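Here is the structure we will look at.
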Protein chains: 2
Amino acid sequence: MLTERQIQVLQVIIDEFIQTAQPIGSRAIAKKEDISFSPATIRNEMADLEELGFIEKTHTSSGRVPSEKGYRFYVDNLMSPFRLSNQDMGMIQRTFEREMIEFEKVVQKSARVLSDLTNYTSIILGPEVFETTLKQIQIISLSEHTAVAILVTNTGHVEHRYFNVPTTMQTVDLEKLVNILNDRLVGVPIVHLQQKLYGEVAQMLQRYSSDFEATYAYLKEALLEKQPVKLYMDGKTNIMLQPEFHDIDKIQSLYSVMEKEDQIAHLLRTSGKGIKVSIGQENELAAMQDCSLITATYSLGDEQLGTIALLGPTRMEYSRVVSILNVLSSRLSQKFNSWY
Amino acid sequence: MLTERQIQVLQVIIDEFIQTAQPIGSRAIAKKEDISFSPATIRNEMADLEELGFIEKTHTSSGRVPSEKGYRFYVDNLMSPFRLSNQDMGMIQRTFEREMIEFEKVVQKSARVLSDLTNYTSIILGPEVFETTLKQIQIISLSEHTAVAILVTNTGHVEHRYFNVPTTMQTVDLEKLVNILNDRLVGVPIVHLQQKLYGEVAQMLQRYSSDFEATYAYLKEALLEKQPVKLYMDGKTNIMLQPEFHDIDKIQSLYSVMEKEDQIAHLLRTSGKGIKVSIGQENELAAMQDCSLITATYSLGDEQLGTIALLGPTRMEYSRVVSILNVLSSRLSQKFNSWY
DNA sequence: ATTTAGCACTCAAGGTTTCAGAGTGCTAAC
DNA sequence: GTTAGCACTCTGAAACCTTGAGTGCTAAAT
């Protein structure tokens, strides 16, 4: 649908604009090596490209700037696989070669390297292992009427929840409760914990004292409390380096949306497998509609664990960013696969 | 050293400037209710105040603006105790009346209410209880060569650390190790943990197999790893609402410094007891020298637990902020005293 | 039938000028 | 000591040029 030459012109405009953030004129394009037409010819092509919606003018007599449709075409059809520099690969390499046995650290460092390499803002949705099962539950009484339950999963994840305990509940009874829970719940997939808590175990505990029941009620509530999603961001200030964000209002609204972690988490969680690019208006969140968001997923075997993403201006180094995300997501997958 | 009338004029200038962020002229001052002199007289007084360094002009024929010295004088001598509105008190009240048994939540909500009430950025340094003792230690083996140690303190704080284990180490031995550690370490103040780990216990364990020693070495390392300070911030975007920060560069440098949590934590930790106001250049961190930082401490009995702070422009509503911090720090202290 | 040179036209950005308004400092009168 | 009056200063906005980059169109060249 586009002629070879139109594509060539579009490519130059996009490549150049990504570098300079300045509108590109016909003369500038004509000077490019692999372009062998006069500015006038290029102007004709540009007029067509504009009519088709791939490029825009910032004002009547300005050079051209890629439109979102233009970027979309670029990402879908024109993007050449980017060969990362040795330096970039080295930085990623070094992130993973240090012995780390905590996923938090791995993810944090990944976020850091992502934002350092790209000068955009990196966002990582921490791993959610759906096959996770409960490995052990432990209850420690803190005061007369409070206690803390500690859960350890087979993936080594540790969580704790505070809950109330009737003052009449004895420490021995608490231990008994723990034993029962361990008996019944160890090995249960976390996703099934809820039904287990309400079914079998609840029934069984009714045989004991009312204190048992009350304690169990508190505990159940604490355990079911939705655990906050783990979102790791880095390079938040990088956005301000971009010339298109030299405007306080844009920054303000963008920062506000970044504080809404649950929205971001939802966005990343529903991003689907593999690399996905959302350009400008394609983004659901209004505050992000001047940005592009590129997401990639990492996984354990076949199961998708989490998402890594980069947020930057629509004028983004798409091909480089995609390469980086590709490399990093597979490195992350490797790491997790080596553990579980 | 300042005459009554000079003080009056200074007060009006500061009060007015805090509200409007605009330079104040002699005419505007003369119009104020409790001022009964002509603009000309006021101009004379202002010339004196300027010579003394309490106020400044933004240009030759502009109105006056308070200098940092002026704010300092205001904070030290002029500030009247601010009576918080019922609405404000209500918001604070509501923050604390909900039943909460996790200090994280309490602190998070406090940070939120602080920034909501003031439209500045709130920073809270989480409680560090120095009398904290170890209540229980638990080790759970995760794989052939890794395990996680879970520490619970008498204050109900839970931490966990991952560490390596020699593959030849048996699970039974691990349990033995846990028993020994619990025997020796329970009740030990966290601050003395380090010496205990190196002294007594280390010696004792030498009697056992080399696996024991190796495991212990890994564990020790993991336990001593400095736990990151807990810093809670809220209302980071509020800064952008202030007209004096309608400048990207300032915001950028301020945000960058806010990301350096250890520096901020150090700043707050060394802020000393009670309310402290640092105005502009008085701040150590260069990026904060357009800001004022007001800190207050909360405590458990006599012992200082942590710090709450507000960061805003030097043109800050000092008296209101001080009142809010006063109320909130005592409410926080109350809460913690009711627990421990 | 393309491609290109030429040319008139447009617009943004930056510099100058002008003007009004707010505010000052000084002087002289009260 | 206080105040009215006045000349002076400076900012900020508006109006106006000027320049340069870039366009679209037309007509000639290929």
Side-chain angles (χ1 to χ4, degrees), chain A residues 2-10 12-17 19-67 70 243-244 246-247, chain B residues 1-10 12-17 19-67 70 243-244 246-248:
Chain A
L2 287 186
T3 69
E4 197 54 43
R5 199 163 65 190
Q6 283 170 337
I7 290 181
Q8 231 182 104
V9 170
L10 181 57
V12 171
I13 291 177
I14 294 183
D15 283 342
E16 206 68 7
F17 186 69
Q19 292 307 317
T20 63
Q22 297 296 324
I24 322 297
S26 54
R27 232 176 75 92
I29 296 176
K31 275 187 191 150
K32 277 269 140 184
E33 294 210 342
D34 36 323
I35 299 283
S36 47
F37 334 103
S38 75
T41 312
I42 291 168
R43 280 203 288 281
N44 285 326
E45 298 292 16
M46 292 206 288
D48 290 349
L49 281 172
E50 184 170 8
E51 214 163 310
L52 293 168
F54 292 102
I55 55 179
E56 294 167 345
K57 287 191 271 201
T58 60
H59 58 87
T60 343
S61 73
S62 75
R64 300 308 209 290
V65 153
S67 68
E244 38 266 270
H246 262 312
D247 167 16
Chain B
M1 140 168 171
L2 288 186
T3 69
E4 197 54 42
R5 200 163 64 190
Q6 284 170 337
I7 289 181
Q8 233 183 101
V9 171
L10 181 57
V12 171
I13 291 176
I14 293 182
D15 284 342
E16 206 66 7
F17 185 70
Q19 292 306 318
T20 63
Q22 297 296 323
I24 322 297
S26 53
R27 231 176 77 90
I29 297 176
K31 274 186 191 150
K32 277 268 140 185
E33 294 211 341
D34 36 324
I35 298 284
S36 47
F37 334 103
S38 74
T41 312
I42 291 168
R43 281 204 287 282
N44 285 327
E45 299 292 15
M46 292 206 289
D48 289 350
L49 281 172
E50 184 170 8
E51 214 164 311
L52 293 168
F54 291 102
I55 54 180
E56 295 167 344
K57 287 191 272 204
T58 60
H59 57 88
T60 344
S61 74
S62 75
R64 301 308 209 288
V65 152
S67 68
E244 38 268 89
H246 262 312
D247 167 17
I248 297 271

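The model shown is predicted, which means the values in this text are computed figures rather than measured ones.
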[X] [atom1] to [N] [atom2]: how many Å, rounded?
X: A/His59; N: C/dC9; atom1: NE2; atom2: C1'; result: 14 Å
X: B/Arg27; N: C/dG21; atom1: CZ; atom2: P; result: 13 Å
X: B/Gln6; N: D/dG1; atom1: CD; atom2: C1'; result: 14 Å

In residues 31-58 of chain B, which residues come under 4.0 Å of DNA chain C by heavy atom?
-> B/Arg43, B/Met46, B/Lys57
Mind checking side chain to side chain donor-acceptor pair (under 3.5 Å) for [X] and listing every partner two or more places apart, or none if nothing turns up?
X: A/Glu50; value: A/Arg64
X: A/Ser61; value: none
X: A/Thr41; value: A/Ser38

Side-chain N or O of [X] versus OP1/OP2 of [N]: is the shortest distance under 4.0 Å?
X: A/Ser26; N: D/dT23; result: yes
X: A/Thr60; N: C/dT10; result: no
X: A/Arg64; N: D/dA21; result: no

Review item, nucleotides 13-15 of chain D N/O atoms under 3.5 Å of protein N/O:
none

Determine which pairs satisfy side chain to side chain donor-acceptor pair (under 3.5 Å) with at least one residue from residues 19-31 of chain A, sequence neighbours left out, and list them in order.
-> A/Ser26-A/Arg43
How long is the gap from CD on B/Gln8 to CD1 on B/Ile35, to the nearest 0.5 Å?
-> 4.5 Å
Sequence-distant partners of A/Asn44, side chain to side chain contact (heavy atoms under 4.5 Å, CB included), two or more places apart = none
Please list all pairs passing the ring-ring contact (aromatic ring centres under 6.0 Å, His included) test where one or both residues lie in residues 23-45 of chain B, with sequence neighbours left out.
-> none
With sequence neighbours excluded, residues passing salt bridge (charged side-chain N to carboxylate O under 4.0 Å, His left out) with A/Glu244 | A/Arg315
